[in-house]
Amino acid sequence: MEHLLLLDDDYGPSQRRRRIWQQQLQRLGIRVTMAAELSTYSPELKDVTHALSTTHPGSVTSDVQDVLQALPVSVKLVQPSALQHVLRTGDTAALSDPTHRWYHQAVAPSHANAEKSSPAVVVVDQVVRRLPAAPATPAQPNSISSTPLTSSRSSTQHCPSNTPISFSRRPYGCLWPAPLQHHNHLLVNAMDAMEWDRSLAQTPSADHKHRNTISALAYRRASMTLRCLSYPVTSIEQIEGLPFINDTITEAIDYVLSKRSLDGYPRLKNDQATQTVLSEFVTVWGAGPATAWEWYNEGYRNLEDVELAVRKRQLVVSEQVAVYLEHRAELAEAVTRRDIAGLQQWVTSLATELDESTRIAAVGGYRRGKHTAHDVDFLITVANVPSAAMLSHILEQVQAKGRLVYVSQFDVTFRTADAVAAKRKARASTGFIPSSVNFDDLSKKLCVVLHPETNKARRVDFVVCTRAQEAFALLGWTGNKMYNRELRRWADNHGYHLSSSGLWRLDTAADDSADNPIISIPATSEVEVLQALGLPYWPPEQRNH
């Protein structure tokens, strides 16, 4: 019988998760011992939790080795992914899989005691992830020091880094691949609907608005987790202990699994009729939740009413909203990959008139493999001309051909250097980098243009970067939004500032003197950017978080 030792107390799973784990593992014929029961099995095992919690990050100290090798049983340290795999499949081979091991080297006991029958497997939970793998052993191609939630390892490329991924007490979605076609459409749609319900909820105060924003993000992260799973969820036992799945999320998932919809769910803040109207309003380019509620409170119940009021000058809207309403029939259409390819060929011909070495990439959902989109993002990489000059040239050519319907008039005032300096100062004074919006200072314009082949109005964003910025811009503008959020959250919590403009290392010093400069990290590819952060590389098609 396989013997499994679960660390609990401050270091292991919650009581509810422990109980479920124990019951399911015992059905598989695995003996389970909790930390509170260690004295009845082996007094020496009590030292394991202390050793794990006090080990200096980045190394396996001799103290830990001494404790482990002094045990009367053979001990393997595994990640929670191994245990989750066993619970999902019933296959205990994962407990011996090197890709699930906490240390690259198995710990062999030095005891001469021949009665060490079955090994004790110590499951190191997420809270204990302050202890990385031994740095002397490089990561293998199919073994990253993270916990991907899918089994499609063969189709992924990993960073060829000699530095193991540093662990945090918090999970990050960028550690897992998220394919376009996943297994949980019903639940993902429900979580997305709950996110919209919170995002569109009318709030009486800034405090209520903040709480709704946090709640919306919680549902969005739950949706991300469900997208990353390599199996369909049919019971709540299958999601027990997964990242970003708390009790409230579990309650919503349980409701959807039983009712097959969210109809009648008591936690919904908006009734279905109101939600339908607001959801239609926020599809308007330039109209957010505040504008949607303004129209709703004015008595409008569909976009036809809004359009009529705008034409009669009974409702004042922004220029962007007015352009969308004027061309709504075409702008609301899904743009196909063929349409995007035609636009790309046209934009490439315009850009190369000024500089033949210019590179044009269609990014966003197109690069992530989506079949259709509502807007098109083009990343234009220049080598021999200034970014602003290239952007002006393209817009002038589009306008000269009579195909420029609208162009945004805002200028970029955000400065990356200011954001980096502010984060660096906060880190020096508090030891913590606050969460913040990671804008970029790339030259960009948001436009509506007429397609050169179909003559239909299409939303097109032009973004221009230099060769030095290309890898970062490609990563950021490919998205998706949730993947970028998780990337930048990881970067912030590991001492970096990441944006579509570049990557900077934040030191603990607050001044920006010549003797203490802010370090910019160069990269020529997305793989190099992620390698510098110690993260796995997922192809664009696996970034649909």
Side-chain angles (χ1 to χ4, degrees), residues 159 174 351 355 357-364 367-368 375 377-395 408 410-427 433-447 460-507 512 516-535 537 540 543:
C159 297
C174 53
D355 181 6
S357 64
T358 303
R359 293 198 284 250
I360 311 292
V363 288
R367 189 163 182 255
R368 298 197 310 274
D375 65 345
D377 301 324
F378 287 121
L379 180 64
I380 305 165
T381 305
V382 296
N384 302 316
V385 297
S387 297
M390 175 58 73
L391 190 57
S392 297
H393 169 77
I394 292 175
L395 294 177
S408 59
F410 70 89
D411 294 319
V412 176
T413 58
F414 177 84
R415 294 182 66 247
T416 298
D418 295 339
V420 176
K423 282 188 175 182
R424 187 183 193 186
K425 185 175 182 179
R427 184 178 177 87
I433 299 179
S435 298
S436 62
V437 178
N438 291 267
F439 291 110
D440 61 63
D441 49 11
L442 302 177
S443 298
K444 63 179 75 68
K445 289 292 184 182
L446 315 181
C447 306
V460 178
D461 297 346
F462 297 107
V463 185
V464 187
C465 69
T466 65
R467 292 287 175 88
Q469 297 170 323
E470 184 178 23
F472 308 98
L474 192 61
L475 182 64
W477 279 85
T478 295
N480 68 0
K481 181 178 179 180
M482 201 65 210
Y483 177 72
N484 284 342
R485 179 188 283 272
E486 294 296 282
L487 272 183
R488 290 163 182 175
R489 190 167 67 94
W490 171 283
D492 281 355
N493 291 328
H494 289 78
Y496 296 91
H497 174 82
L498 174 66
S499 76
S500 295
S501 305
L503 177 65
W504 293 265
R505 176 69 194 179
L506 304 174
D507 297 328
D512 300 327
N516 189 30
I518 296 176
I519 302 172
S520 174
I521 300 174
T524 59
S525 68
E526 291 176 307
V527 172
E528 290 186 10
V529 176
L530 295 167
Q531 178 181 353
L533 288 168
L535 287 170
Y537 170 86
R543 302 180 206 164

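For reference, positions follow the sequence shown, starting with 1.
Remark: the backbone N or O of Val463 is not paired with any side-chain donor or acceptor of Trp477 at under 3.5 angstrom. Listed for the Asn484 side chain is a donor-acceptor partner under 3.5 Å among the backbone atoms of Gly476.
Taken from CG in Leu391 to CZ in Phe462, the straight-line distance is 8.0 Å, to the nearest 0.5 Å. Distance CG/Asp355 to CD1/Ile380: 11.5 Å, rounded to 0.5 Å. How far CD1 of Ile521 is from CZ of Phe472: 7.5 Å, rounded to the nearest 0.5 Å. Separating the CG atom in Asp377 from the CG atom in Leu446 is a distance of 9.0 Å, to the nearest 0.5 Å. Separating the OG1 atom in Thr358 from the CD1 atom in Ile394 is a distance of 7.5 Å, to the nearest 0.5 Å. Note that CH2 of Trp490 is 8.5 Å distant from CG of Leu533, once rounded to the nearest 0.5 Å.
Under the ring pair (Phe, Tyr, Trp, His ring centres under 6.0 Å) criterion, Tyr483 pairs with His545, sequence neighbours left out. Qualifying salt bridge (Lys or Arg N to Asp or Glu O under 4.0 Å) partners for Asp375, counting only residues two or more places apart in sequence or in other chains: Arg459. With sequence neighbours excluded, the residues forming a side chain to side chain contact (heavy atoms under 4.5 Å, CB included) with Ser392 are Glu396, listed by chain and number. Every residue two or more places apart in sequence or in another chain that forms a side-chain hydrogen bond (donor to acceptor under 3.5 Å, both in side chains) with Thr466 is listed here: Gln469. Remark: Arg367 pairs with Thr478, Glu526 by the side-chain hydrogen bond (donor to acceptor under 3.5 Å, both in side chains) rule, at least two apart or across chains. With sequence neighbours left out, Glu528 forms a side-chain hydrogen bond (donor to acceptor under 3.5 Å, both in side chains) with Thr524. Residues satisfying the side chain to side chain contact (heavy atoms under 4.5 Å, CB included) criterion with Glu470, sequence neighbours excluded, are Arg359, Thr381, Cys465, Arg467. Here Ala362 pairs with Ile340, Gln344, Tyr366, Phe378 under the side chain to side chain contact (heavy atoms under 4.5 Å, CB included) rule; sequence neighbours left out.
Applying the 6.0 Å contact sphere to CZ of Arg368 captures more than 12 heavy atoms from other residues, nucleotides or ligands.
The salt bridge (Lys or Arg N to Asp or Glu O under 4.0 Å) pairs that include a residue from residues 380-389 number zero, where partners must be two or more places apart or lie in different chains.
Between Ala473 and Leu379, the shortest heavy-atom contact is CB-CD1, 3.7 Å. Taking both residues in full, the closest heavy atoms of Ser387 and Ser443 are given as CB-OG, 3.8 Å, listed atom of the first, atom of the second, then distance.
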Working for side chain to side chain contact (heavy atoms under 4.5 Å, CB included), residues Leu535 and Val529 | CA-CA 9 Å; Leu535 287 170; Val529 176; over 6 Å; no
